[in-house]
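Scroll down for the structure; my scribbles are underneath it.
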2 protein chains.
Amino acid sequence: MNETTPTGRARGIDRVIALMDHLHRRRAPTRIADLARDSGMPRSTVYELVNTLVDARWLDFRETEGTVYFGPAMHYFGNDYLDSIDLIRKARGEVAQLAASVGETAQLCMLDGNKYLVVLNEAGRRMFRISSDVGVKVPIPWTASGRLLVDHMSPDEIRDFIPEDDFVLPDGRRIGIDEFMGDMATAHARGFSRTTGLVDRFTTCLAVPVRDLAGRCVATVCFVVPAETTAEEQATMIATLQDCAARLTFPA
Amino acid sequence: MNETTPTGRARGIDRVIALMDHLHRRRAPTRIADLARDSGMPRSTVYELVNTLVDARWLDFRETEGTVYFGPAMHYFGNDYLDSIDLIRKARGEVAQLAASVGETAQLCMLDGNKYLVVLNEAGRRMFRISSDVGVKVPIPWTASGRLLVDHMSPDEIRDFIPEDDFVLPDGRRIGIDEFMGDMATAHARGFSRTTGLVDRFTTCLAVPVRDLAGRCVATVCFVVPAETTAEEQATMIATLQDCAARLTFPA
DNA sequence: GGCCCATGTCCGAAATACCAGACTACAGTT
DNA sequence: AACTGTAGTCTGGTATTTCGGACATGGGCC
């Protein structure tokens with residue numbers, strides 16, 4: 001009552017949502033008691049929730065460790081989601097094929113609000129894989145894809161859209177807005193975007209835009225490769241990405 | 001009170017679970033009013049639920065059509081699930097590679113209770129794809145994989161385990177238990193299983209077991225191909241599957 | 001045996017979410 | 001303009017759920 005209480009909200013469910021979000025943030029099987037403590041919910045409530053969710057297969061209970069984590073029902077629902085988005089459905093096979101044929105990690109990325117979002121990720125075949133989790137969001141300026149995803153915006157729009165802090169890299173370096181705008185123009189002109197040593201020093205990202213019929217970049221396909229990859233190798237990869245993007249850009 | 005009321009169950013959540021299951025069974029974006037009618041819940045309750053779930057991104061609301069369907073949060077949770085199961089995590093790339101390199105639909109399958117379950121599915125490159133949805137369950141006797149997944153059981157155990165009705169194919173034909181047992185023995189001896197024209201007349205399934213260290217078949221990798229695929233092509237595919245299964249069978 | 005700690009269940013008073021149904025808004029039809 | 005149907009919101013009283021805390025169980029350790 002004292003807080004903003006939006007009408008028409010089923011607050012009873014907040015517990016479930018909080019619980020699942022908690023597990024998602026931990027990204028690891030968790031003991032029920034810990035769930036209760038860390039999420040601040042009453043122990044008995046969490047036990048009830050978990051019992052119910054395990055029955056529904058939303059969660060798996062691992063007897064041996066006494067922990068819970070996401071269950072198969074989430075996989076089914078997630079799959080339904082992927083299939084329901086036309087672009088993503090088509091891109092699934094394409095991204096898998098990119099990773100399989102080239103052997104490097106391939107991704108499909110989109111914007112989510114003012115962040116860059118990894119929608120699909122297929123790991124490459126390296127012993128030490130460079131790979132990020134699906135659902136990960138990072139600041140737009142940290143990525144090659146980011147330079148394409150906002151390439152329809154004016155400098156002023158970009159200044160408004162991207163938070164000031166997002167121009168600071170993980171190691172503290174700052175990307176100038178002018179530099180960013182320059183990268184963007186280059187990428188737009190060449191039809192691909194390359195960045196090296198941004199998120200970490202050893203990685204190069206190669207990204208190519210997937211555009212809608214209005215020419216707006218709605219997604220990117222990209223490879224994440226070691227920085228020492230040769231220019232010729234990179235050229236081949238970019239050509240592969242462009243073929244792939246072309247298939248996604250003009251769908252049947 | 002009048003029904004069995006298991007203690008320690010959070011019945012308030014049943015509404016959410018029912019709602020999501022309903023969407024999953026429909027496998028299509030659905031108008032809220034329809035959800036309410038078909039699931040037998042009060043309209044106002046469903047509106048509240050949907051509002052809350054859309055906020056949490058568990059559901060997407062599609063303005064243009066006035067429908068709801070699964071949202072990105074489900075994708076993230078589903079991915080967490082896949083990553084949490086060691087075998088499945090490893091198999092993701094492998095299955096993608098199978099489909100990409102051979103160009104036919106590849107799957108990872110496991111048992112779920114007494115049914116055969118499609119856990120991973122990567123569609124091949126054919127114009128008319130033979131492909132089933134992840135999460136689909138079918139009777140064990142309908143599939144090549146099924147013959148491997150129960151190959152540790154005795155005839156009596158199998159009779160107990162597989163429901164009588166599951167030996168009836170979609171077109172009404174009945175598979176004899178003896179015939180099934182024979183297939184099973186052959187498959188076990190040869191290290192792969194082949195069935196033709198079971199689920200439908202035009203399809204052949206080729207399956208290879210993924211075994212745990214005790215030698216028990218915990219999963220299969222398989223190709224689903226047109227029945228007219230030549231014997232040589234099939235032999236190559238089986239070799240490919242066996243390589244793949246070997247990598248999954250002896251993990252690091 | 002006695003103690004401690006963790007997991008899991010149970011209870012009932014207190015809090016609150018559920019839901020029937022009224023209501024607004026808008027669009028199409030007669 | 002009146003009528004009908006559909007989409008969505010709002011409200012209040014009560015039936016239901018929540019949750020603090022007690023209880024039960026089962027190690028592990030001295």
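Lettering follows sequence order; numbering is per chain, from 1.
Between A:Leu35 atom CG and C:dT7 atom P the separation is 11 Å, expressed in whole Å. When the C1' atom of C:dC18 is taken as reference, atom CG of A:Asp14 falls 15 Å away, rounded to whole Å. Straight-line distance from the CG atom of B:Asp34 to the C1' atom of D:dT6: 11 Å, rounded to whole Å. Atoms CE (B:Met41) and P (C:dA20) sit 12 Å apart, rounded to a whole Å. Per the geometry, CG belonging to B:Leu49 stands 7 Å off P belonging to C:dC18, to the nearest Å. We find that CD of A:Glu63 is positioned 12 Å from C1' of C:dG8, with the value rounded to whole Å. Taking atom CZ on A:Arg43 and atom C1' on D:dC23, their separation rounds to 11 Å, with Å as the unit. Between the CD1 atom of B:Ile32 and the P atom of D:dA7 there is a distance of 9 Å, rounded to whole Å.
The aromatic ring centroids of B:Phe77 and A:Trp58 lie 6.0 Å or more from each other. With ring centers used as reference points, B:Tyr81 lies 6.0 Å or more from A:Tyr69.
In this structure, A:Arg31 does not reach the C:dA6 phosphate: none of its side-chain N or O atoms is under 4.0 Å from OP1 or OP2. A:Thr45 has a side-chain polar atom (N or O) that falls below the 4.0 Å cut-off from OP1 or OP2 of D:dC19. The side chain of A:Arg15 contributes an N or O atom lying less than 4.0 Å from OP1 or OP2 of D:dC19.
By the 4.5 Å heavy-atom criterion applied to side chains, A:Leu19 and A:Leu35 are counted as neighbours.
Using a cutoff of 4.0 Å between basic side-chain nitrogens and carboxylate oxygens, B:Asp83 and B:Arg92 are scored as salt-bridged.
Of the candidates C:dT7, D:dG21, D:dA7, C:dT7 carries the atom nearest the A:Ala33 side chain, counting heavy atoms from C-beta on. Out of C:dC10, C:dC18, D:dT9, the shortest distance to the side chain of B:Glu48 is found at C:dC18.
At a cut-off of 3.5 Å, with distance as the only test, a side-chain donor of B:Ser84 or A:Arg62 sits close to an acceptor on the other residue.
A donor-acceptor contact under 3.5 Å links the side chain of A:Ser44 to the base of D:dG20.
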